[in-house]
Amino acid sequence: MKTRIIMMTLALALLSLSACTKDDDADDPMSGWAMPDPRIPLMPVPDFEMWPTPTIDDSDLQGEGYTFDYWREHKDEAQTGDELMAMCNIPNDLLKNMSTPNLAWTCFNHPYNTDWIAFNNYYEGILSVMTRFNGYGELMKRKGGAEAVIDLFVDLGYNEEGKINVNEPSMIAWTLVLCTANDYRAFNQEQVSRLAKEVLYKDFIALATSSANLYLSHKSYCLLGAFMAYHYDEALPVEQRILLASFIGNLSMTYYTSEVDLVRSYIIIKESLNRLAGE
């Protein structure tokens, strides 16, 4: 459904462009375009507030992370997928005192983060996990939550001993989490610049690494870059923003659902990330 919304928005924009070419105002061919609004999420979640304005002061929280022991001990008792997900929820007394870095790490280790693989739309897959886990709900409300998500993304994935490989499904899942934060504009400009540099670097590492997950990892970093460009690059022309909306809708899918200028989209994303990174 969310992908259909994106494609319908694109179709309306193109119809507006077609109409404007028939008007007398031929000197301004862009005047009839439906202007994309980067302040609005491309993939809204009904009945759930993703990345609200943070209200929880986490500056003094020092509590330890969660290890999902209850889920490990009782998962065989679950009768449904919803019961399995509920078993992963963090006890409230532990959740409210957990430090935000530990909370981000706990979310990263959620047992079902990689369920995105089972969805026809990868982005919808990570949203399904995030909206059903109280750890993510808490993280998104904390004043340090957005920064902690970036910190963990930066710290992981350099193929060094003890770190996650950039091509692993868990790292791809965290990249999709970052897509949601961009779609809901949770970052400030300094955070966007820092993240843009890291996306460029991690995608370079992914392309240079032999792995069965190479295609999916490159795809996830391109998707993240597209979300960043669409929502944060003020220099992005309207026509390119519309193209990226279609690109995001298609790249989120297991299989492409319509023709998109992929090569041009990649070029636009890289140029935009360089601008956002200040390079």
Side-chain angles (χ1 to χ4, degrees), residues 45 47-52 54 56-58 60-181 211-213 216-217 220 254:
V45 180
D47 304 321
F48 190 92
E49 190 175 13
M50 292 290 297
W51 293 101
I56 299 175
D57 183 1
D58 51 0
D60 294 329
L61 299 180
Q62 301 294 327
E64 297 181 355
Y66 187 57
T67 58
F68 300 100
D69 286 342
Y70 182 85
W71 167 79
R72 289 189 178 88
E73 294 170 3
H74 297 277
K75 61 182 179 179
D76 292 338
E77 303 168 12
Q79 301 296 313
T80 67
D82 286 340
E83 288 183 13
L84 281 171
M85 292 293 290
M87 286 178 179
C88 295
N89 281 331
I90 305 169
N92 193 61
D93 57 343
L94 177 61
L95 177 64
K96 298 305 179 183
N97 292 291
M98 192 181 299
S99 74
T100 300
N102 284 340
L103 178 56
W105 179 246
T106 297
C107 289
F108 177 85
N109 286 304
H110 188 281
Y112 297 108
N113 272 351
T114 54
D115 273 14
W116 61 266
I117 298 173
F119 282 72
N120 289 331
N121 185 304
Y122 299 142
Y123 187 82
E124 288 183 8
I126 201 65
L127 287 174
S128 175
V129 176
M130 293 180 69
T131 56
R132 293 192 288 165
F133 176 48
N134 65 349
Y136 279 117
E138 174 79 8
L139 183 66
M140 290 187 284
K141 294 176 184 176
R142 290 194 179 186
K143 293 182 178 180
E147 187 74 17
V149 170
I150 296 177
D151 286 343
L152 187 53
F153 183 73
V154 170
D155 288 343
L156 294 169
Y158 287 94
N159 296 318
E160 298 174 2
E161 184 176 355
K163 293 193 175 182
I164 305 297
N165 187 296
V166 294
N167 297 316
E168 289 187 5
S170 57
M171 192 68 196
I172 298 172
W174 200 245
T175 305
L176 294 173
V177 169
L178 281 157
C179 287
T180 72
S211 170
N213 292 320
L216 287 177
S217 60
S220 69
T254 307

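Side chains are part of it too, since the values below use all heavy atoms of this structure and drop only hydrogens, waters and symmetry mates.
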Notebook entry, point to check: Run the side-chain contact (heavy atoms from CB on, under 4.5 Å) check on E138 and K96 step by step: do they pass?
Noted result: CA-CA 8 Å; E138 174 79 8; K96 298 305 179 183; 2.9 Å; yes

Next item on the list: Check the pair Y70, F68 against ring pair (Phe, Tyr, Trp, His ring centres under 6.0 Å), reporting the backbone distance first and the verdict last.
Entry: CA-CA 6 Å; Y70 182 85; F68 300 100; over 10 Å; no

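T106 places a side-chain N or O within 3.5 Å of a backbone atom of N102 that can act as its donor or acceptor partner. Looking at D58, its side chain does come within 3.5 Å of a backbone N or O of G144 through a donor-acceptor pair. The backbone N or O of S217 lies less than 3.5 Å from no partner atom in the side chain of N167, so there is not a single donor-acceptor pair.
H110 places none of its side-chain heavy atoms less than 4.5 Å from the side chain of M130. Annotation: side chain of V149 is in contact with side chain of W174 (closest heavy-atom distance under 4.5 Å). For the pair V177 and Y136, the minimum side-chain heavy-atom distance is below 4.5 Å. Inter-residue side-chain proximity for L103 and L95 is flagged as met; some heavy-atom pair is nearer than 4.5 Å. L156 places a side-chain heavy atom less than 4.5 Å from the side chain of W105. Taking 4.5 Å as the limit, some side-chain heavy atom of L127 sits within range of a side-chain heavy atom of M50. Within the 4.5 Å cutoff, side-chain heavy atoms of I117 are placed close to those of P169. Taking 4.5 Å as the limit, some side-chain heavy atom of F133 sits within range of a side-chain heavy atom of I90.
Heavy-atom minimum distance, I126 versus A173: CD1-O, 3.8 Å. Residue N134 comes nearest to N89 through the heavy atom pair N-OD1, 3.0 Å, listed as atom of the first residue, atom of the second, then distance. Here the shortest heavy-atom pairing between C88 and W71 reads SG-CD1, 3.7 Å. The nearest pair of heavy atoms linking H74 to M87 is O-CE, 3.2 Å. Heavy atoms only, all atoms of each residue included: S99 and L61 are closest at CB-O, 3.4 Å. Nearest heavy atom pair, residue S220 against residue I172, reads CB-CG2, 3.6 Å.
Note that the CG atom of D115 and the CG atom of L84 stand 9.5 Å from one another [nearest 0.5 Å]. Here the straight-line distance linking atom NZ of K141 with atom CD1 of I56 works out to 6.5 Å at 0.5 Å rounding. Rounded to the nearest 0.5 Å, atoms SG (C179) and OH (Y123) are 7.0 Å apart. The CG atom of N97 sits 11.0 Å away from atom CG of D60, with the distance rounded to the nearest 0.5 Å. We find the SG-CG distance between C107 and L152 to be 9.5 Å, quoted to the nearest 0.5 Å.
For residues 81-93, every residue pair satisfying the salt bridge (charged side-chain N to carboxylate O under 4.0 Å, His left out) rule, not counting sequence neighbours, is listed here: D82-R132.
Counted within 6.0 Å of CG on D69, heavy atoms from surrounding residues, nucleotides or ligands total more than 12; the atom is thus considered enclosed. Remark: N120 CG is loosely packed, at most 12 non-hydrogen atoms of other residues, nucleotides or ligands lying under 6.0 Å away.
Taking the six-membered ring wherever Trp is involved, the centroid distance between the rings of F119 and W116 does not fall below 6.0 Å.
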